[in-house]
Amino acid sequence: MNLRGRLVEVGEEREVETQYGQRSLAEMTIRPDGVGSADATDAADGDATVRVTLWGKWTHTADLADPGMDLLVTEAEESEYRGETTYATSKESYVVLEPDFLVDVTDVRSWVQCPRMYYLNKLSGIPLNYPVVKGTVVHEVFGDLLRGRDLEDSIDERVAEAGLQLGLLGYDAGEVRDEVRRNAAAIEGWLAQGTLTGEAADAASSEWDGGPSEDEWRSEYTLISPTFGIKGRADALRRGMPVELKTGKNLKRDPRFQDKIQAAAYALVLAERGVPADTATLLYTKNTALDRNEESGDLSPAKEFSVGKGLLDFVVRKRNEIAAMEFDFSVPTGFEADARCEYCFEQDTCMVVSGRLDQESKAGQIGTPLPEDEREYFDHLYRAIEEERRETHREYRKLWEQSAEERADDDRALINLDYLDRREIAGERWELRARKPDGAVSKLREGDVCLASDGDPVGGHAELCRIRELGEEVVVTADEPVELRRLDVYPSEISVSRMLTALHDALLKGSEDRKDVLFGRRDPAFADRSAETYIDNNEAQNRAVRLAVDADDAALVHGPPGTGKTYTIARTVRALVDEGQRVLLSAFTNRAVDNALEALREQGFEDAIRVGTENGIREDMLDLHLETAGDPNDRAAELNDAPVVAATTSSCGSRMMREQSFDVALVDEASQLTEPGTLAAVNLAERFVLVGDHQQLPPVVRAENDLQESLFERLIDRYPEASVMLDRQYRMSQRIQAFSSAEFYDGALRPADGAVAAQRLSDLGVAESALPEELRDPVAFVDPDGSRVGNTNPTEADRVAEIVDAYVAAGVDPDDVGVIAPFRAQVAEISKRTDVTVDTVDRFQGSSKEVVLVSFVATGALDGPIFEDHRRVNVALTRAKKALVLVGDADALGSDPFYARMLHWARR
DNA sequence: ACTCTGCCGAGAGGA
């Protein structure tokens, strides 16, 4: 049986005499309830504790354990001792610390080389370098070969796909193709050997009947292990045994140890799925025929080795070391292993990082430590980012912990799909189709990468796929055919990793000048190089452009709703380019990046490149999109020569963008970005301009931590003189903007001119007299006397729909009406009753409508965190141009001073 | 208690 629980007490290791001789043991006390999977609670009832003895080598894990950690013992032996039921590890047992902390297989690999290498990889990311790019190409070609694809076709296409990266590294396609061809020859030679003849091609063409079966080849197998807390992707499986491809050379008789560990980790995860693998193969594809002819005779690329329980135990223990270290956010020193620093390629990096961050390390330190406030900042954000990582792991857990129905409720999956069929498509890939059940909704969108499965994404057959169509019929493409019954959002740690690298780059690679400003040691400096006038009809906008052009370090532009931020940004970019500056134009969302580009083009500027994934970019900006595939030189030149590069801040953290440098980074929506998120863009430039509004929604983070305050907000508080507030708004009538202006902008936000101030529905040809009495004021309040049911209020939803109808009946175009609600549940409720746009506040940010209705849902009292952040209300109330209707319960709204003032204003 | 956009995916190599 499996035993799992929270550690209450951790006993010391001790030696005892047994019938098998002297053995070591350590006794643990755990509280089995309330943790993890269902079988965790098999052992005991209530909050009783149980004792479990860890024998032999598992005392190593006991040594790492601390009270509070989650402990899992598989195949535990139960025995009675003086009336008490106790447990102990058996021969088959594994002991897993913090199984919910998902460790990547490659992390185990680097940890085995040196724990410090694990840390350095995590911190600084893997930079753009040729071995990685070529390695990736070879892996892709390998997968293609296994699927029976023509070798030359595959090499041509895969090398072309890596065009931009190769170009940035200064390689040309021909030489790379030749080199890949040499690696591929080793693969082909191996595939053709002895009993393997023709197998790959046979497997590829054979009928597929679900999960992996014994005699088949599989490429790119996505594996997640809830039991062992490991995830990863095996390069291939042959007859259920992992095959790991290496692009390098290994002329020794045995595989490299860390490579064995990597392959063994895949074998471990396969064992959990009931497909035990007792052998694994490492394929060193740089070993050539020439090498083979040498005397030892066994230098073929393939090295097989057996995977016994002892090796698997070792993998689990190493994985436990990582989990234990991450549990209290500690930093590995390198002393945990007996790696020899003098042979290590990372020695210099390791010493610099140790020296600058004042970390203990086996390699020693170089250089002087960063100032204390910078180190504190690092420690603080490092921890916050790691907390975010754990929240991402929770998303993984939902893949197996939630029942299908719960999963459906939380919007992150489409379940119970009716599998229709599959079809082989170009590139030896597959197109899979299924029918969606009526009314199923999810956050999945066309173009997303997600996990397609036969209904069981963890224990069954799952493949990463891309969504092509998401209508009544669901169409996805994948490398292997799955019986498509379920689609899940595939959680990714990418944004977390990128935050970490941005933090690292800012502190360890960033210029002192910039850090002085970031850490409040020096006020931002300004030169006098701007022209007098850039924008002649809006004094604040003009000042904003001048501030940005004059900034030697940083400028901050505060743009409340409707104040022409995007226009000002575009004008600023042009002014900077005119000064000969190379500009990075960035923002949190794709939408904002595209809006800024659109404004640039409207102002006649076209010389920009849009970097990012194709499906994130709006169609009318795709002509500016930088293709990553193609001739290396051309692709690299396109990027390197662009005076303006536009990308989301997330893309700025990509390997390719990290190689770019700019004079100025201009970041929109900066108030919605975490500090590390902002740094990803800021790091790439000499100077930066942040544009945002800290009175609107803050950054979205999963964990409660200090990532919630944006760099924009921190800096604007610290350096008000380096900022300009755009104070003229072009969106709302005087009546509508009054409350927001008074509450959030000290009354400084004003209509740009009389026409904006005085706009009314009659301007749209609507007869206001046709509206019910209660709606004739541009700001109205309606209390429908409903009651809150969960996060909905059906009566209020009815009333909202009636009001929408009233506006439409009076002549308002339905496209000009929008409804906003705080909860998604209420959004769904209202959507059932009307065809106009209905969305949450958060999703409405950035857009506007002539008529806006806000449904507050709450009755009786304002219970819930969603009502606590008044900035959300600011967003909701500032979407309307000519008419705004607040629909809610007067008692609830009156119970809080802020909402009471809002009510007072609305009722006037 | 609630809100939720990004990004792609994990990788490789060098004594």
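In what follows, chains are A, B, ... by sequence order, proteins preceding strands, each numbered from 1.
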Colleague: Applying ring-ring contact (aromatic ring centres under 6.0 Å, His included), can you list everything that pairs with Tyr490(A), at least two apart in sequence or on another chain?
Modeller: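 ring-ring contact (aromatic ring centres under 6.0 Å, His included) check on Tyr490(A) returns Tyr396(A).
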Colleague: Report the distance from atom CG of Asn615(A) to atom C1' of dT5(B), rounded to the nearest whole Å.
Modeller: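 Between C1' of dT5(B) and CG of Asn615(A): 13 Å.
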Colleague: Given dC7(B), dG11(B), dT3(B), identify the nucleotide with an atom nearest to the side chain of Arg655(A).
Modeller: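 Nearest to the side chain of Arg655(A) among the choices is dG11(B).
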Colleague: Report yes if at least one side-chain N or O of Asn590(A) is closer than 4.0 Å to OP1 or OP2 of dC7(B); otherwise report no.
Modeller: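 Yes.
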Colleague: Any salt bridge linking Glu244(A) with Arg109(A)? Criterion: basic side-chain nitrogen under 4.0 Å from a carboxylate oxygen.
Modeller: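 No, this pair does not count.
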Colleague: What nucleotide, of dA1(B), dC2(B), dA12(B), holds the atom closest to the side chain of Ile866(A)?
Modeller: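 Of the options given, the side chain of Ile866(A) lies nearest dC2(B).
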Colleague: Classify the side chain of Ser650(A) and the base of dG6(B) as holding, or not holding, a donor-acceptor pair under 3.5 Å.
Modeller: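 Result: no qualifying N/O pair found.
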Colleague: Tell me which residues in residues 260-268 of chain A lie within less than 4.0 Å of DNA chain B, going by non-hydrogen atoms.
Modeller: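 Output list: Gln262(A), Tyr266(A).
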Colleague: Taking the minimum atom-to-atom distance to the side chain of Thr840(A), which one of dG11(B), dA10(B), dT3(B) wins?
Modeller: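 The closest nucleotide is dT3(B).
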Colleague: According to salt bridge (charged side-chain N to carboxylate O under 4.0 Å, His left out), who are the partners of Asp505(A), at least two apart in sequence or on a separate chain?
Modeller: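 For Asp505(A) the salt bridge (charged side-chain N to carboxylate O under 4.0 Å, His left out) partners, ignoring immediate neighbours, are Lys509(A), Arg658(A).
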Colleague: Arg788(A) vs Asp889(A), test: salt bridge (charged side-chain N to carboxylate O under 4.0 Å, His left out). Steps then yes/no.
Modeller: CA-CA 10 Å; Arg788(A) 177 170 172 176; Asp889(A) 178 57; over 6 Å; no
Colleague: Taking only the side-chain heavy atoms of Asp235(A) (C-beta and beyond), determine which of dC2(B), dC4(B), dA12(B) contains the nearest atom.
Modeller: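 Of all the options, the side chain of Asp235(A) is nearest to dA12(B).
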Colleague: In whole angstrom, give the distance that lies between atom CG of Leu500(A) and atom P of dG6(B).
Modeller: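 That distance rounds to 22 Å.
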Colleague: Thinking salt bridges, do Arg468(A) and Glu446(A) make one under a 4.0 Å N-O criterion?
Modeller: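 Salt bridge absent between Arg468(A) and Glu446(A).
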Colleague: Expressed as a whole number of angstroms, how long is the span from Phe823(A):CZ to dC2(B):P?
Modeller: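 Rounded to whole Å, this separation is 7 Å.
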Colleague: What interatomic distance, in whole Å, is found between P of dA10(B) and the corresponding atom of dG14(B)?
Modeller: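 It works out to 24 Å between them.
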Colleague: Could you state the CZ-C1' distance from Phe142(A) to dA12(B), rounded to the nearest angstrom?
Modeller: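 Going from Phe142(A) (CZ) to dA12(B) (C1'), I get 15 Å.
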Colleague: Please classify the nucleic acid contact of Ile126(A) as base, sugar-phosphate, or nothing, using heavy-atom distances under 4.0 Å.
Modeller: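 Ile126(A): base contact, heavy atoms under 4.0 Å.
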Colleague: Given atom CG of Leu282(A) and atom P of dA12(B), what is their separation to the nearest angstrom?
Modeller: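 To the nearest whole Å, that distance equals 11 Å.
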Colleague: Quiz question: going by heavy-atom distance under 3.5 Å, is there a donor-acceptor pair between the base of dT3(B) and the side chain of Arg872(A)?
Modeller: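 Yes, the side chain and the base share a sub-3.5 Å donor-acceptor pair.
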Colleague: Less than 4.0 Å between a side-chain N and a carboxylate O, is that true for Arg181(A) and Asp178(A)?
Modeller: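 Salt bridge flag = yes for Arg181(A) with Asp178(A).
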Colleague: Which listed nucleotide (dG11(B), dA12(B), dG14(B)) is nearest to the side chain of Glu346(A)?
Modeller: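 For Glu346(A), the side-chain atoms sit closest to dG14(B).
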Colleague: Would you write out the dot-bracket form of DNA chain B, 5' to 3', with Watson-Crick and G-U pairs under 3.5 Å, [ ] for crossing pairs, | for pairs to other strands and . for unpaired bases?
Modeller: ...............
Colleague: Within the structure shown, what part of the strands sits under 4.0 Å from Phe867(A) by heavy-atom distance: base, sugar-phosphate, or nothing?
Modeller: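 Result for Phe867(A) = nothing.
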Colleague: If you check the Tyr343(A) side chain, which of dA15(B), dT3(B), dA12(B) turns out closest?
Modeller: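 Out of dA15(B), dT3(B), dA12(B), the nucleotide with an atom closest to Tyr343(A)'s side chain is dA15(B).
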Colleague: Is the closest basic N to carboxylate O distance between Asp594(A) and Arg610(A) below 4.0 Å?
Modeller: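 Salt bridge between Asp594(A) and Arg610(A), a charged N being under 4.0 Å from a carboxylate O: yes.
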Colleague: Between dT3(B), dC7(B), dA12(B), which nucleotide has the shortest distance from any of its atoms to the side chain of Lys246(A)?
Modeller: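 Looking only at side-chain atoms, Lys246(A) lies closest to dA12(B).
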Colleague: Is the closest basic N to carboxylate O distance between Glu386(A) and Lys122(A) below 4.0 Å?
Modeller: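 Looking at Lys122(A) together with Glu386(A), the answer is yes, because their closest N to O distance falls below 4.0 Å.
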Colleague: From the set dC2(B), dC7(B), dG11(B), return the single nucleotide nearest to any side-chain atom of Asn791(A).
Modeller: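 Selected nucleotide (nearest to the side chain): dC2(B).
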Colleague: Categorize Leu245(A) for me: base, sugar-phosphate, or nothing, with a 4.0 angstrom heavy-atom threshold over every strand shown.
Modeller: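 Counting heavy atoms under 4.0 Å across all strands, the contact made by Leu245(A) is with sugar-phosphate only.
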Colleague: Run the salt-bridge test on Glu387(A) and Arg390(A) with the 4.0 Å N-O cut-off and return the result as yes or no.
Modeller: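 Salt bridge: no.
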Colleague: So which atom in Thr648(A) and which in Thr589(A) form the shortest heavy-atom distance, rounded to 0.1 Å?
Modeller: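 Looking at all heavy atoms of both residues, the shortest contact is CG2-C, 3.8 Å.
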Colleague: Which part of the nucleic acid does Phe257(A) contact within heavy-atom distance under 4.0 Å: base, sugar-phosphate only, or nothing?
Modeller: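 Result for Phe257(A) = nothing.
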Colleague: Output all residues satisfying side-chain hydrogen bond (donor to acceptor under 3.5 Å, both in side chains) with Gln696(A), sequence neighbours left out; order by chain, then residue number.
Modeller: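 In terms of side-chain hydrogen bond (donor to acceptor under 3.5 Å, both in side chains), with neighbours along the sequence ignored, Gln696(A) is linked to Asp693(A), Arg879(A).
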Colleague: Can you list everything that forms a ring-ring contact (aromatic ring centres under 6.0 Å, His included) with His870(A)? Sequence neighbours excluded, please.
Modeller: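 ring-ring contact (aromatic ring centres under 6.0 Å, His included) list for His870(A), sorted by chain: Phe898(A), Tyr899(A).
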Colleague: With rounding to whole Å, what would you report as the distance between dC7(B) and dG11(B) at their C1' atoms?
Modeller: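 Between the two C1' atoms, the distance is 16 Å.
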Colleague: By the 4.0 Å heavy-atom rule, please label Asp869(A) as base, sugar-phosphate, or nothing.
Modeller: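 Nothing, no nucleic acid heavy atom in range.
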Colleague: For Ser654(A), which contact category applies under a 4.0 Å heavy-atom criterion: base, sugar-phosphate, or nothing?
Modeller: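 Answer is nothing: Ser654(A) stays at 4.0 Å or more from every strand.
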Colleague: So, does Arg843(A) get its side chain near the phosphate of dC4(B), meaning an N or O under 4.0 Å from OP1 or OP2?
Modeller: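 Yes, such a contact exists.
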Colleague: Looking only at the side chain of Arg824(A) (C-beta and beyond, no hydrogens), which of the listed nucleotides dG6(B), dT3(B), dA15(B) gets closest?
Modeller: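 Selected nucleotide (nearest to the side chain): dT3(B).
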Colleague: Starting at CG of Leu862(A) and ending at P of dC2(B), how long is that distance when rounded to a whole Å?
Modeller: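 In whole Å, dC2(B) P lies 15 Å from Leu862(A) CG.
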Colleague: Is Gln113(A) touching bases, backbone alone, or none of the nucleic acid, heavy atoms closer than 4.0 Å?
Modeller: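 Base contact.
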Colleague: Check this one for me: any side-chain N or O of Ser651(A) less than 4.0 Å away from OP1 or OP2 of dC7(B)?
Modeller: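 For dC7(B), OP1 or OP2 has a side-chain N or O of Ser651(A) closer than 4.0 Å.
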Colleague: Starting from C1' on dC7(B), measure out to CZ on Phe588(A) and report it in whole angstrom.
Modeller: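 The answer, rounded to whole Å, is 10 Å.
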Colleague: Say we look at dT5(B) and dA1(B): how far apart would their C1' atoms be, to the nearest angstrom?
Modeller: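 My reading of the C1' atoms in dT5(B) and dA1(B) gives 22 Å.
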Colleague: NA contact type, Thr589(A), heavy-atom cut-off 4.0 Å: base, sugar-phosphate, or nothing?
Modeller: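 If one applies the 4.0 Å heavy-atom cut-off, Thr589(A) turns out to touch the sugar-phosphate alone, with no base involved.
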Colleague: Describe the nucleic acid contact of Arg788(A) in one word from base, sugar-phosphate, nothing, applying a heavy-atom distance below 4.0 Å.
Modeller: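 If one applies the 4.0 Å heavy-atom cut-off, Arg788(A) turns out to touch nothing in the nucleic acid.
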Colleague: What integer distance in Å separates Arg498(A):CZ from dA10(B):P?
Modeller: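 From Arg498(A) CZ to dA10(B) P: 12 Å.
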Colleague: What's the closest nucleotide to the side chain of Pro865(A) if the choices are dA1(B), dA15(B), dA10(B)?
Modeller: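 The answer is dA1(B), which lies nearest to the side chain.
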Colleague: Counting N and O atoms only, with roles assigned by atom type, does the side chain of Ser654(A) sit under 3.5 Å from a partner on the main chain of Ser650(A), one being a donor and the other an acceptor?
Modeller: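 Side chain of Ser654(A) to backbone of Ser650(A), a donor-acceptor pair under 3.5 Å: no, none is there.
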